[in-house]
Amino acid sequence: MPEHVFRIQKASAMGFCSGVRRAITILEKSSKVEGPLQTLGPVVHNRQVVDRLASEGISSAGGLNEITGGKIAIPSHGVSPTTAGELSRRGLHVIDATCPTVHRAQVAAKKLADGGFFVIIFGSPDHPEVKGLLGWAGDKSRAVTDTQTLSAESLPKKIGVISQTTQNKDKFLAFITELLESVKDRFTEVRIVNTICPTTSRQQESAVRLSRKSDLVLVIGGKDSSNTRRLTEICAAQGVETHQVETAKEIDPAWLAGKRRVGVTAGASTPDWSWEEVIDKLKIFQGKLRT
Ligand code: SF4
């Protein structure tokens with residue numbers, strides 16, 4: 001294998017966030033003390049983590065109909081009050097691993113709705129966290145990623161705006177600016193609550209800095225992980241060659257040809273062992289580690 005001459009540089013903020021670490025600790029403790037359990041949907045959007053937890057007796061139920069035991073865990077991205085109520089109604093032992101930052105967004109959604117605001121959530125309507133937030137906001141709410149899909153004329157005069165916790169801060173600001181422009185002649189009150197997770201912002205800012213000083217950036221994380229995909233978009237937008245990989249096996253040595261500075265970052269749902277494996281693989285390409 002030809003040896004490549006490049007420096008490996010890690011993002012200053014990357015990998016597992018406190019919310020995901022906390023959820024996994026809660027689940028592992030519970031399974032050790034009380035035996036196997038299920039989570040309502042994958043605990044994180046990372047196949048390697050889900051597989052490892054399954055080997056410890058923590059499996060994932062695809063939906064309410066797939067719950068087979070007497071215990072169910074709510075993952076870090078939370079659920080709607082209706083879903084939580086249904087779990088209690090069934091008499092299940094519920095282990096709540098909702099991230100405190102997600103819960104803060106849920107409370108913000110409810111407070112706005114209770115205050116008579118139509119709640120607009122800046123986020124993907126299909127994402128489990130956003131589905132939960134819509135449930136907390138109730139009937140008078142909508143989740144969108146751009147203002148074009150909102151018909152400004154039909155919006156009520158009191159509007160509340162929050163964001164999916166893992167959205168990009170700059171995009172949220174741009175969204176708010178466009179929204180204000182479209183309702184400027186008719187609104188009476190607009191209330192904005194910044195519910196973006198500080199860890200997400202730190203990881204995104206650090207990905208920008210990393211991209212600016214790299215010739216190639218590898219973003220490690222699940223293909224279904226929205227925060228990892230966002231990091232990939234952010235790095236690519238800086239004009240640097242960017243590849244998202246789930247495991248070290250996916251690295252194509254051709255990417256490294258002629259590169260002097262290889263940056264590595266990882267999504268909030270990416271475990272340490274995953275990005276450490278990628279760094280070890282890069283060291284093998286450098287000739288500093290042997291297989
Ligand atoms: Fe919580 Fe932020 Fe992690 Fe999401 S990214 S689980 S909001 S700490």
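Counting starts at 1 for both ligands and their atoms, following the listed order. Basis for what follows: all heavy atoms, side chains included, without hydrogens, waters or symmetry-related copies.
At the shortest separation from atom 1 (Fe) of ligand 1 among protein heavy atoms lies C99 SG, 2.3 Å. With respect to atom 4 (Fe) of ligand 1, the closest heavy atom belonging to the protein is T165 OG1, 4.1 Å. Scanning the protein heavy atoms around atom 2 (Fe) of ligand 1, the nearest turns out to be C197 SG, 2.3 Å. Of all protein heavy atoms, the one lying nearest to atom 3 (Fe) of ligand 1 is C17 SG, 2.2 Å.
The aromatic rings of H127 and H77 sit perpendicular, their planes meeting at an angle over 60°, well past the 30° parallel limit. Taking the six-membered ring where tryptophan is involved, the planes of H103 and W136 are perpendicular, since the angle between them exceeds 60° and thus also 30°.
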Legend entry - Worked verdict on E205 versus R202 for salt bridge (charged side-chain N to carboxylate O under 4.0 Å, His left out): CA-CA 5 Å; E205 283 155 13; R202 268 198 300 279; over 6 Å; no
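For the pair S214 (side chain) and S211 (backbone), a donor-acceptor distance under 3.5 Å is absent.
Within 6.0 Å of CG on D139 lie no more than 12 heavy atoms contributed by other residues, nucleotides or ligands.
Ligand 1 places these atoms under 4.0 Å from at least one heavy atom of T101: 7 (S). Against a heavy-atom cut-off of under 4.0 Å, T200 is close to the following atoms of ligand 1: 5 (S).
Ion pair E277/K249 not flagged as a salt bridge, since none of the NZ, NE, NH1 or NH2 atoms sits closer than 4.0 Å to an Asp/Glu carboxylate oxygen.
Counting heavy atoms closer than 4.0 Å to ligand 1, residue N227 contributes nothing at all.
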